[in-house]
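Working notes for the structure below.
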Amino acid sequence: PIGTIIAWVTIVAGILAGVSATTVKLYKVFSKYKEKSDEYEGLKNDLKAHSDTLSEMSKILVKIQGEIQEQVEVNRNQVKHSIVVACDKALSEGRISAGALESLMDLFEEYTDVFHGNGYVKALVDKVLRLPVTGRLE
């Protein structure tokens, strides 16, 4: 009978409509998931690139730090040498000029405050400080 056929057609059409609606919803959910997954992968790649960059920068900073430390050591040795030469000169002459003493004290202050040097140089400066001072500062 035609009524049964219409009923079955209606039931099949309803089932097909339901399956179709569900398929569309699942496709939308999958599409959003795929979009978020792709976005996550992009962010993960960006994070790795930034991490690699930071690692390289860290290596460069360590290298720079080593080079700076070497330069500080060279500067400390130069200041120490200048103090020793000035002290040796003053001690051999048995006197020191006011200007040379001021310069020597500036160097010694830098040597002790900046480079944290002491010991032998301090003993030399102490000997020079007991010498007579000639001339005046202008």
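Keep in mind that this is a model prediction, so the values were computed, not measured.
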Query raised in the report: Which is it for V114 and R76 under the side-chain contact (heavy atoms from CB on, under 4.5 Å) test, yes or no, and what are the steps along the way?
Result: CA-CA 9 Å; V114 175; R76 186 187 71 77; over 6 Å; no

Requested in this report: Determine, stepwise, if the pair Q78 / N75 fulfils side-chain contact (heavy atoms from CB on, under 4.5 Å).
Outcome: CA-CA 5 Å; Q78 287 175 337; N75 289 347; 3.6 Å; yes

**Report entry** Stepwise side-chain contact (heavy atoms from CB on, under 4.5 Å) test for V84 and L124
**Finding:** CA-CA 7 Å; V84 170; L124 275 177; 3.9 Å; yes

**Report entry** From CA spacing to verdict: side-chain contact (heavy atoms from CB on, under 4.5 Å), L101, L129
**Finding:** CA-CA 8 Å; L101 180 59; L129 289 175; 3.8 Å; yes

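Between D52 and K48, at least one side-chain N (NZ, or NE/NH1/NH2) sits under 4.0 Å from a carboxylate O, which counts as a salt bridge.
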Could you pull out all donor-acceptor pairs under 3.5 Å where a side-chain atom in residues 59-69 meets a protein atom, sequence neighbours excluded?
none

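Counting all heavy atoms, side chain and backbone alike, P132 lies closest to G94 at CD-O, 3.3 Å.
Rounded to the nearest 0.5 Å, atoms NZ (K34) and CD (E39) are 12.5 Å apart. Taking CG of L107 as the start and CE of M105 as the end, the distance is 10.0 Å to the nearest 0.5 Å. Atom CG of residue N77 and atom OG of residue S82 lie 11.0 Å apart, to the nearest 0.5 angstrom. For the atom pair H50 NE2 and T53 OG1, the distance stands at 7.0 Å (nearest 0.5 Å).
At a threshold of 4.5 Å between non-hydrogen side-chain atoms, the residues T134 and I96 do not count as touching. A heavy-atom distance below 4.5 Å is found between the side chains of K28 and V24. Using a 4.5 Å cut-off on side-chain heavy atoms (C-beta onward), F108 and K122 make contact.
Applying the side-chain contact (heavy atoms from CB on, under 4.5 Å) test between V9 and each of I6, I5, V12 identifies I5 as the sole match.
No donor-acceptor distance shorter than 3.5 angstrom exists from the side chain of S51 to the backbone of L47, with no hydrogens or angles considered. Side chain of S58 to main chain of L54: no donor-acceptor pair is present (N/O by atom type, distance under 3.5 Å, no hydrogens or angles).
In this structure, a donor-acceptor pair under 3.5 Å is absent between the side chains of E41 and N45.
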